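A note on names: the letters A, B, ... follow the listed sequences, proteins ahead of strands, and every chain is numbered from 1. Treat the numbers as computed from the prediction; the structure is a model and nothing was measured.
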Protein chains: 2
Amino acid sequence: MTPQRRLVLDAVSSLGHATPDEVLVRVREQASGVNASTIYRSLELLEELGLVRHSHLGSGPSTWHAASHSGHLHLVCRSCGSVTEVDVSLAADLVGRLERDTGFKSDMEHFGVQGTCADCLAAARDA
Amino acid sequence: MTPQRRLVLDAVSSLGHATPDEVLVRVREQASGVNASTIYRSLELLEELGLVRHSHLGSGPSTWHAASHSGHLHLVCRSCGSVTEVDVSLAADLVGRLERDTGFKSDMEHFGVQGTCADCLAAARDA
DNA sequence: CTTACTGCAAATATTTTGCATTTGG
DNA sequence: CCAAATGCAAAATATTTGCAGTAAG
């Protein structure tokens, strides 16, 4: 565990859902010389070690979070970009049915669920 | 509706889930001079017109399909890359619960569900 | 020492944009 | 003719890779 890798892990842990670029910015607040490729390589390594995970929440870059911070679905609002977390158990029904019907074992955490959040729906109603 | 746009629509319709690059290749079989930027611009326009849609099935480029060909979830196998379609109604339970609990209105079609397909699970068991 | 890690620069891959040319109404 | 669409080239974005220098065991 090098200093750079520790900084990457700390950044991911404190940022929540961070893109590699956001991690880079945070890491550089602590150590200015760190390069983007080190971020990518560290994230990959930390994922192999099971310390962090990545998810695809939208069309942009993937986001990373600490492995300890898992067990939830990501609800991604297309309108305002907000990301809401809900317990992954809410999808247990769907996951179970998919497995029974097609034999497919789903990982609902890896991708975000796109849609529109309550606030944006309300704003659209008011407009 | 220009000749290029018609070719793009035809390509999307016949290819199923195609990336912009796959659409380009198909279009060039009919008209060799077509440029990639025309593909992107045509897809965008056709989506505004409601004739095609795009989904994010994995970490790579988005894929496009005819609007007539919708109403299903995409089950994307991480292991072999296969894409299985199942009726979107299977997710009605989850969608309803998310809306009731958090006010979030989900579009389950827009993102693929990652996981492992039955074949790859079987292969892993045999190995 | 020597193996592994890092920074740097360049290469990839994907998508977007500006602009001159062409096309179709 | 005029407005819109296209092709082309370059820019923008995101990520990966080769390589040489650095650092830690």
Side-chain angles (χ1 to χ4, degrees), chain A residues 1-12 15 17-49 51-65 74 76 78 81 83 110-112 114, chain B residues 1-12 15 17-65 76 78 81 83 110-112 114:
Chain A
M1 184 60 63
T2 66
Q4 289 88 341
R5 287 171 183 171
R6 172 142 307 282
L7 287 171
V8 168
L9 181 55
D10 289 349
V12 167
L15 286 171
H17 301 110
T19 63
D21 193 61
E22 289 164 345
V23 173
L24 176 62
V25 169
R26 172 63 63 98
V27 166
R28 281 188 171 161
E29 289 169 8
Q30 312 295 124
S32 59
V34 179
N35 194 269
S37 53
T38 300
I39 304 295
Y40 285 100
R41 287 190 278 228
S42 297
L43 288 172
E44 190 181 347
L45 178 82
L46 292 170
E47 186 163 53
E48 275 166 27
L49 294 175
L51 296 173
V52 305
R53 296 213 185 134
H54 77 279
S55 308
H56 300 276
L57 300 188
S59 31
S62 55
T63 63
W64 298 72
H65 59 272
H74 303 97
V76 184
R78 257 180 201 152
V83 177
H110 193 65
F111 264 71
Q114 296 269 311
Chain B
M1 183 61 62
T2 65
Q4 288 89 340
R5 287 171 183 173
R6 172 143 307 284
L7 288 171
V8 168
L9 181 55
D10 289 349
V12 167
L15 287 171
H17 302 111
T19 64
D21 191 61
E22 289 165 346
V23 172
L24 176 63
V25 169
R26 172 64 62 97
V27 166
R28 282 189 170 160
E29 289 169 9
Q30 312 295 124
S32 59
V34 179
N35 193 270
S37 53
T38 300
I39 304 294
Y40 285 99
R41 287 191 276 230
S42 298
L43 288 172
E44 190 181 347
L45 180 82
L46 293 170
E47 186 163 52
E48 275 165 28
L49 294 175
L51 296 173
V52 305
R53 296 213 185 133
H54 78 277
S55 309
H56 300 276
L57 300 187
S59 32
S62 55
T63 64
W64 298 73
H65 58 272
V76 183
R78 256 180 200 153
V83 177
H110 193 66
F111 264 70
Q114 296 268 309

K.L.:
Checking A:S59 now: which residues fulfil side chain to side chain contact (heavy atoms under 4.5 Å, CB included) with it, not counting sequence neighbours?
P.N.:
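Result, side chain to side chain contact (heavy atoms under 4.5 Å, CB included) vs A:S59: B:H56.
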
K.L.:
Write down the atom of B:R5, the atom of B:S42, and the distance for their closest heavy-atom approach.
P.N.:
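The pair with the smallest heavy-atom distance is CG-OG, 3.6 Å.
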
K.L.:
Check the distance between C:dT17's P and B:I39's CD1 and give it to me in whole angstrom.
P.N.:
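Rounded to whole Å, this separation is 17 Å.
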
K.L.:
Can you check the A:L24 CG to D:dT13 P distance for me, whole Å?
P.N.:
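To the nearest whole Å, that distance equals 15 Å.
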
K.L.:
The test is side chain to side chain contact (heavy atoms under 4.5 Å, CB included); show your working for A:L9 and A:L51 and say whether it passes.
P.N.:
CA-CA 8 Å; A:L9 181 55; A:L51 296 173; 4.3 Å; yes

K.L.:
Which heavy atom of A:S62 sits nearest a heavy atom of A:H54, and at what distance?
P.N.:
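Answer, listing the atom of A:S62 first, then A:H54: CB-CD2, 4.0 Å.
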
K.L.:
For B:S37, check side chain to side chain donor-acceptor pair (under 3.5 Å) against everything at least two apart and list the hits.
P.N.:
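Side chain to side chain donor-acceptor pair (under 3.5 Å) list for B:S37, sorted by chain: B:N35, B:R41.
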
K.L.:
What are the atom names and distances for every N/O pair under 3.5 Å that joins the protein to nucleotides 13-16 of chain C?
P.N.:
unit_1: C:dT15; atom_1: OP2; unit_2: B:Y40; atom_2: OH; d: 2.5
unit_1: C:dT15; atom_1: O5'; unit_2: B:Y40; atom_2: OH; d: 3.2

K.L.:
Going by side chain to side chain donor-acceptor pair (under 3.5 Å), name the residues that satisfy it together with A:E44, two or more places apart in sequence or in a different chain.
P.N.:
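Listed in chain order: nothing, the list is empty.
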
K.L.:
Can you pull the salt bridge (charged side-chain N to carboxylate O under 4.0 Å, His left out) pairs that have at least one residue in residues 46-56 of chain B, sequence neighbours excluded?
P.N.:
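Sorted pair list comes back empty.
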
K.L.:
Side-chain donor-acceptor contacts of residues 23-32 of chain B below 3.5 Å, not counting sequence neighbours, with atom names and distances?
P.N.:
unit_1: B:R26; atom_1: NH1; unit_2: B:S14; atom_2: OG; d: 2.9
unit_1: B:R28; atom_1: NE; unit_2: B:V34; atom_2: O; d: 2.8
unit_1: B:R28; atom_1: NH2; unit_2: B:V34; atom_2: O; d: 2.9

K.L.:
Can you tabulate the close N/O pairs, meaning under 3.5 Å, that link protein atoms to atoms of nucleotides 21-25 of chain C?
P.N.:
none

K.L.:
Name the pairs: protein N/O against N/O of nucleotides 3-5 of chain D, kept only if under 3.5 Å.
P.N.:
unit_1: D:dA5; atom_1: OP1; unit_2: B:R5; atom_2: NH1; d: 3.0
unit_1: D:dA5; atom_1: OP1; unit_2: B:R5; atom_2: NH2; d: 3.3
unit_1: D:dA5; atom_1: O5'; unit_2: B:R5; atom_2: NH2; d: 3.2

K.L.:
Whole-Å distance between C:dC5 C1' and A:R6 CZ?
P.N.:
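So the two atoms are 16 Å apart, to the nearest Å.
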
K.L.:
Which heavy atom in A:P20 sits nearest to a heavy atom in A:I39, and how many Å separate them?
P.N.:
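Looking at all heavy atoms of both residues, the shortest contact is O-CG2, 3.7 Å.
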
K.L.:
For B:T63, give me all partners under side chain to side chain contact (heavy atoms under 4.5 Å, CB included), at least two apart in sequence or on another chain.
P.N.:
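By the side chain to side chain contact (heavy atoms under 4.5 Å, CB included) rule, B:T63 matches B:H17, B:T19, B:S55, B:L57.
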
K.L.:
Can you check the A:H54 NE2 to D:dT15 P distance for me, whole Å?
P.N.:
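Going from A:H54 (NE2) to D:dT15 (P), I get 10 Å.
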
K.L.:
From CZ of A:R41 over to P of C:dC5, roughly how many Å is that when rounded to an integer?
P.N.:
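Atom-to-atom, A:R41 to C:dC5, this comes out as 10 Å.
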
K.L.:
List for me each residue that meets side chain to side chain donor-acceptor pair (under 3.5 Å) alongside A:H65, sequence neighbours excluded, and say none if there are none.
P.N.:
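Partners of A:H65 by the side chain to side chain donor-acceptor pair (under 3.5 Å) criterion come out as none, since no residue qualifies.
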
